[in-house]
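Step one of this worksheet: look at the structure below.
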Amino acid sequence: MIAIAILFLVPILLVGSAALIHATGYLHGDGKKRQGWFYFYMIGTLVSMCAVVGSTFLGDKVMTMLAFILAWESMGLFSSGLVGFESESKESKKATWIYLLSCHAGAVFLILAGAFSFRPEVSQVVIFFLLLCGFGLKIGFPPFHVWLPEAHPAAPAPASAVMSGAMIPLGFFGLVFWTGVTCETKVIAPYFAWSMLILGSLAALGGILFALPQRNIKKLLAFSSVENMGVIALGLGLAAFTYTQGDLLTLDGKASVVDGIFTLAALGAALHIVNHAFLKGGLFLGAGSVLRMTGTLDADKLGGLMKKMPWTGTLFTLNAFGLAALPPLPAFLSELCIYIAAIYALSQGVLVIPAAIILIVMSLTGGIAAATYAKIVSATFLGEARGDQSEIKETPKSMIAAQLILFIPVAIMLIPALLMIAPLWLFRRFLCPRGNTKPRQLTWDCGYEAPTARMAWTGTAFSQPLADTFKAVLRPRTHVKSTKDIFPKEEAIATETDDIVLARGWNPVFHLSARAMQLFHLFQSGSLHFYVLVMILAIAALLIWGAF
């Protein structure tokens, strides 16, 4: 348990420290009172997160549950202050409200699960699914993920780095710990395994699919967090499947196969928790630097920032391709462990269906993830600027230092790969030189004498063919501006892709609930006599019910 606690505490402390350093530059120019409130919410969030992990060492079951729920609720309350900190806009208030609802709903599920765990007549399966709903709300499993793409664009970038990199993986910590405390492993293992497989597949594929068409950098990163939680769930699910068939495989003499699958899958999930914390934390800090210096997060309005912000652009690019699991970057290693575990299971003829599903889902997810990150990097940092960038410059040193802090662990993990690549580079550089460098020439301009940035593809245009392939799932909305003249002076087309679960699932439920609640306004007449009458009738009804 200590090793698991360290696995989650290290990202909290490192990502939290980097976020606090980044905030000194991000909040520069804000008043002292406003900055004070930010640091109050941020430090409260970090302390609560540490308390969540620390509460599991109390020993007594009742005290552990109470301390955990108190720390869990404190974490939600402090972080809700961060979500609503950036502005008083309608969108920010909506995001804060959705986030608070998800936090408190999760706490209700945990309280029910804890209470039922002391009732022997309640099925352990019921308790597990209560835990799955409670912690799934924090992890962001579909359909409980709707707060992520709403809260992250609203919150300050340092807060988003902490919430995405270190907070949402705590859901896995709580789920594993509470399941072990309240349920028997052998009984719950099949339900845990299939839940992780199904929800992980939905999260991985759904998250990256809805990340692909997003123009807002932080919203894209929020959907990508859903995808990465899905990858972690797939690793945990494959490890859990070894418990469901462990005894059978041991009788067949395949105990080593079980141990190998479990070790590789669990190791892959653990490594991905760490990789996601540092890489995604660095990406959100990079997005904050872009917002601070340009005033926008719309990738279609940016471009060419690598020339103005080389440090931010380089670190953002490395973190993005690292999270896309491209070799030799670190997330490649964590996903490779899960791949090898699944391939090993298939080759040995065990856990065939789960292993095949994991391989198919992760292959599709990896390809779309590479396209998504290539889009956001190229649209934001490469090409020509799509606006006036004369006043844009590199961010303050504190903001660069914060991104470097999160990249140092990544760089350390890259050392073995670099040691392997270095001899090849030396061989290519000195033994196989290219010869004289050819002069650079302009490319064919297709008849345009003075091309502008408006002629270049935007990030949306780059991803549109792939997004159209999945339009039956994404359901994009297209807005066309056309004068329908023979020689039009202005033409425009724009697409928007909403979260289908929120738009077509939760929003109708919320509206129906709001209409139902309006019926209670009939009792709010404002008349004291009416309120007294209602109280008398209620007391009379209780007396009659008690008598019979």
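Values in this document were obtained by computation on a predicted structure and should not be read as measured data.
The nearest pair of heavy atoms linking Gly282 to Gln403 is O-OE1, 4.4 Å. The heavy-atom pair separating Ile168 from Ser225 by the smallest distance is CD1-CB, 3.9 Å. Closest heavy-atom contact between Gly230 and Ala203: CA-CB, 3.7 Å. The heavy-atom pair separating Leu58 from Thr64 by the smallest distance is CB-OG1, 3.6 Å. Contact detail for Leu323 and Ser224: the closest heavy-atom pair is CD2-OG, 4.1 Å. For the pair Ala320 and Leu283, the tightest heavy-atom approach, listed with the atom from each and the gap, is N-CD2, 3.7 Å.
Among residues at least two apart or in separate chains, side-chain hydrogen bond (donor to acceptor under 3.5 Å, both in side chains) pairs with a member in residues 321-335 are His272-Ser334, Asn275-Ser334.
With hydrogens and angles disregarded, a donor-acceptor distance shorter than 3.5 Å links the side chain of Ser378 to the backbone of Lys375. Side chain of His22 to main chain of Leu285: a donor-acceptor pair is present (N/O by atom type, distance under 3.5 Å, no hydrogens or angles). The backbone N or O of Gly165 sits nowhere less than 3.5 Å from a side-chain atom of Lys280 that would complete a donor-acceptor pair. A donor-acceptor pair under 3.5 Å links the side-chain atoms of Tyr339 to the main chain of Ser363, judged by distance alone.
Applying the salt bridge (charged side-chain N to carboxylate O under 4.0 Å, His left out) rule to Glu184 yields no partners; only residues at least two apart in sequence or on another chain are considered.
Taking 4.5 Å as the limit, every side-chain heavy atom of Glu227 sits out of range of all side-chain heavy atoms of Ile368. Leu132 places a side-chain heavy atom less than 4.5 Å from the side chain of Leu199. Between Phe316 and Ile376 there is a side-chain heavy-atom pair separated by less than 4.5 Å. Contact of the Trp178 side chain with the Phe135 side chain is registered, since non-hydrogen atoms from C-beta on lie closer than 4.5 Å. Side chains of Leu46 and Leu20 form a contact here, defined as non-hydrogen atoms less than 4.5 Å apart. Looking at heavy atoms from C-beta onward, His145 lies out of side-chain contact with Phe210 at the 4.5 angstrom threshold. The side-chain heavy atoms of Lys138 and Met75, taken from C-beta on, include a pair separated by under 4.5 Å. Ser48 places none of its side-chain heavy atoms less than 4.5 Å from the side chain of Glu73.
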*Check the pair Ile12 / Met167 against side chain to side chain contact (heavy atoms under 4.5 Å, CB included), numbers first and verdict last.*
CA-CA 8 Å; Ile12 293 172; Met167 181 184 293; over 6 Å; no
*asked:* Test side chain to side chain contact (heavy atoms under 4.5 Å, CB included) on Phe144 and Ser102; report intermediate values, then the result.
replied: CA-CA 8 Å; Phe144 303 129; Ser102 67; over 6 Å; no
_Stepwise ring pair (Phe, Tyr, Trp, His ring centres under 6.0 Å) test for Tyr191 and Phe128_ = CA-CA 8 Å; Tyr191 300 97; Phe128 169 72; 7.1 Å; no
*After noting the C-alpha distance and the side-chain angles of Ile43 and Phe78, does the key distance pass the side chain to side chain contact (heavy atoms under 4.5 Å, CB included) rule?*
CA-CA 9 Å; Ile43 293 174; Phe78 279 114; over 6 Å; no
*Run the side chain to side chain contact (heavy atoms under 4.5 Å, CB included) check on Phe284 and Met163 step by step: do they pass?*
CA-CA 10 Å; Phe284 269 114; Met163 292 171 65; over 6 Å; no
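Heavy atoms from other residues, nucleotides or ligands lying under 6.0 Å from NZ of Lys471 number 12 at most. For Phe129, the CZ atom is densely surrounded, since the number of other residues' heavy atoms within 6.0 Å is greater than 12. More than 12 heavy-atom neighbours from other residues, nucleotides or ligands sit within 6.0 angstrom of CH2 on Trp194.
In this structure, Trp147 and Tyr99 have tilted ring planes: the angle between them lies in the 30° to 60° band.
Residue Met49 is tested with Val52, Thr45, Val53, Val47 for a side-chain contact (heavy atoms from CB on, under 4.5 Å); the sole match is Thr45.
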